[in-house]
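Data block below; observations after.
Reminder, nothing fancy here: chain letters follow the sequence lines and each chain counts from 1. Since we're looking at a predicted model, the values are computed, not measured.
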There are 2 protein chains.
Amino acid sequence: MYDMSDADARTRLIDSTRELLWERGYAAMSPRAIMQRAEVGQGSMYHHFTGKADLAATAFADNAERTLAAARRSLAGAGSARERLIGYLNRRREVLRGCPVGRMAQDAEALDTPELAAVLRETFAELRGLAAAAAAEGVASGELPEHVDPDELAETVLAVVQGGYVLARAEGSPVPFDRAVAGAVALIKAASC
Amino acid sequence: MYDMSDADARTRLIDSTRELLWERGYAAMSPRAIMQRAEVGQGSMYHHFTGKADLAATAFADNAERTLAAARRSLAGAGSARERLIGYLNRRREVLRGCPVGRMAQDAEALDTPELAAVLRETFAELRGLAAAAAAEGVASGELPEHVDPDELAETVLAVVQGGYVLARAEGSPVPFDRAVAGAVALIKAASC
DNA sequence: GTCTATATCTCGATAGAC
DNA sequence: GTCTATCGAGATATAGAC
């Protein structure tokens, strides 16, 4: 867990909210739990933020930006386009924690909170764009077969990752995630024959 | 929505809990909401069930069995093995409602409730078995390439579906689901060249 | 089987002192 | 900036009458 001992109250509040949003989601995260984890009193919390929704929006944007940064390193980094897509699939992940972004899509209260829903939509839109650009580049360069639709392949890659998280958490083991990714990589390689 | 008007109290309680588990998950579902939707009083509810966990376990097992029944129709129904896998991917779904089974994997409180976690694990185990059997049959018959690992392909297919739900809900549109599935079907067909 | 009353917590926030 | 007190509402039951 992130060490908050040296940070100021506002930073500790954001960090503990980031963790709780990831672990429990928005609806199941209480201000009380945030304050306890941040070791911050109630007065302090309502001084820095107007309430739970405000704090969650700030923390979720932070989580989303970190997720995007990691994805950019894979999908817009070095290597051929096909290698980057496969690298994104194979990237090391804390599988059993799930995806801090995708998690919110399962939280009805989060989807009903406009600021959270907006961040969710925009984050996946950028992710989709990164993957689609790599796929399009792969088709253009001949690494991927001509008849592949880049947008479809990109969405499939994102879905395998998001679904892998779900299957792994259901099982209590990272094995389903790894198996799903291995299957997707095998299909991509076989399709390029 | 399911019409409960003619059912007895116990049935109405189970049906409204099934819906609420699907819509809101376990942690965010209150006994109060269950009773209101079922049009049943508190005394009745605590007469038929020991509490929220008991009722949720019954209702979730019901949801899981319905999901499995639908999957069996695709994966263990008529047609060639490859057609059945593609048929499972293409099956009509209420995409924006999400998967009533996969939903629970994102709910920390549900995972911490042994009876719910057990149903979740067992349901995906059976789904995995159905998909893997179809994949193995496809490889044996030559419909799918020899080098395909049936367990990996099966897991990828499940992940595309589960991830498709996540992406669709994040976007508020079924389009990402359909695109992810289309990409997966295209890959399976291309790999069989 | 179902009803109403009651109990104890927690939620999410506001108020005002320091 | 942070503290403590307080609030009305809802969560999750239990008790006992009918």
Salt bridge [X]-[Y], side-chain N to carboxylate O under 4.0 Å:
{"X": "Arg12(A)", "Y": "Asp15(A)", "answer": "no"}
{"X": "Glu23(B)", "Y": "Arg37(B)", "answer": "yes"}
{"X": "Arg128(A)", "Y": "Glu171(B)", "answer": "yes"}

Nearest to the side chain of [X] - [options]?
{"X": "Ser30(B)", "options": "dA13(C), dA11(D), dT14(D)", "value": "dA11(D)"}
{"X": "Ala9(B)", "options": "dT14(C), dA13(D), dT2(C)", "value": "dT2(C)"}
{"X": "Gln42(B)", "options": "dT10(C), dG1(D), dT4(C)", "value": "dT4(C)"}
{"X": "Tyr46(A)", "options": "dA13(C), dC3(D), dT2(C)", "value": "dA13(C)"}

Expressed as a whole number of angstroms, how long is the span from [X]:[atom1] to [N]:[atom2]?
{"X": "Arg10(A)", "N": "dT2(D)", "atom1": "CZ", "atom2": "C1'", "result": "16 Å"}
{"X": "Leu55(A)", "N": "dG12(C)", "atom1": "CG", "atom2": "P", "result": "12 Å"}
{"X": "Glu39(B)", "N": "dT2(C)", "atom1": "CD", "atom2": "P", "result": "14 Å"}
{"X": "Gln36(B)", "N": "dG10(D)", "atom1": "CD", "atom2": "P", "result": "9 Å"}
{"X": "Phe49(B)", "N": "dT12(D)", "atom1": "CZ", "atom2": "P", "result": "17 Å"}
{"X": "Asp8(B)", "N": "dG1(C)", "atom1": "CG", "atom2": "P", "result": "10 Å"}
{"X": "Glu109(A)", "N": "dG10(D)", "atom1": "CD", "atom2": "P", "result": "14 Å"}
{"X": "Ile34(A)", "N": "dC11(C)", "atom1": "CD1", "atom2": "P", "result": "11 Å"}

Look at the side-chain N and O atoms of Arg32(B) and state whether any lies under 4.0 Å from the OP1 or OP2 oxygen of dG10(D).
no
Quick one: is His47(A) getting a side-chain N or O under 4.0 Å of the dC3(D) phosphate, OP1 or OP2?
no
Quick check on DNA chain C: between Ala53(A) and Gly41(B), whose nearest nucleotide comes earlier from the 5' end?
Gly41(B)
Starting at the 5' end of DNA chain C, which residue's closest nucleotide do you reach first, Pro31(A) or Gly43(A)?
Pro31(A)
Applying side-chain hydrogen bond (donor to acceptor under 3.5 Å, both in side chains) to Ser141(A) and Glu143(A), what does each step give before you reach the verdict?
CA-CA 6 Å; Ser141(A) 72; Glu143(A) 282 181 282; 3.3 Å; yes
Hey, does Met35(A) reach any base, or is it just sugar-phosphate, or nothing, if we go heavy atoms under 4.0 Å?
nothing
Find out if a path of hydrophobic residues (ILVMFWY) with successive side-chain heavy-atom gaps under 4.5 Å connects Phe124(B) to Trp22(B).
no
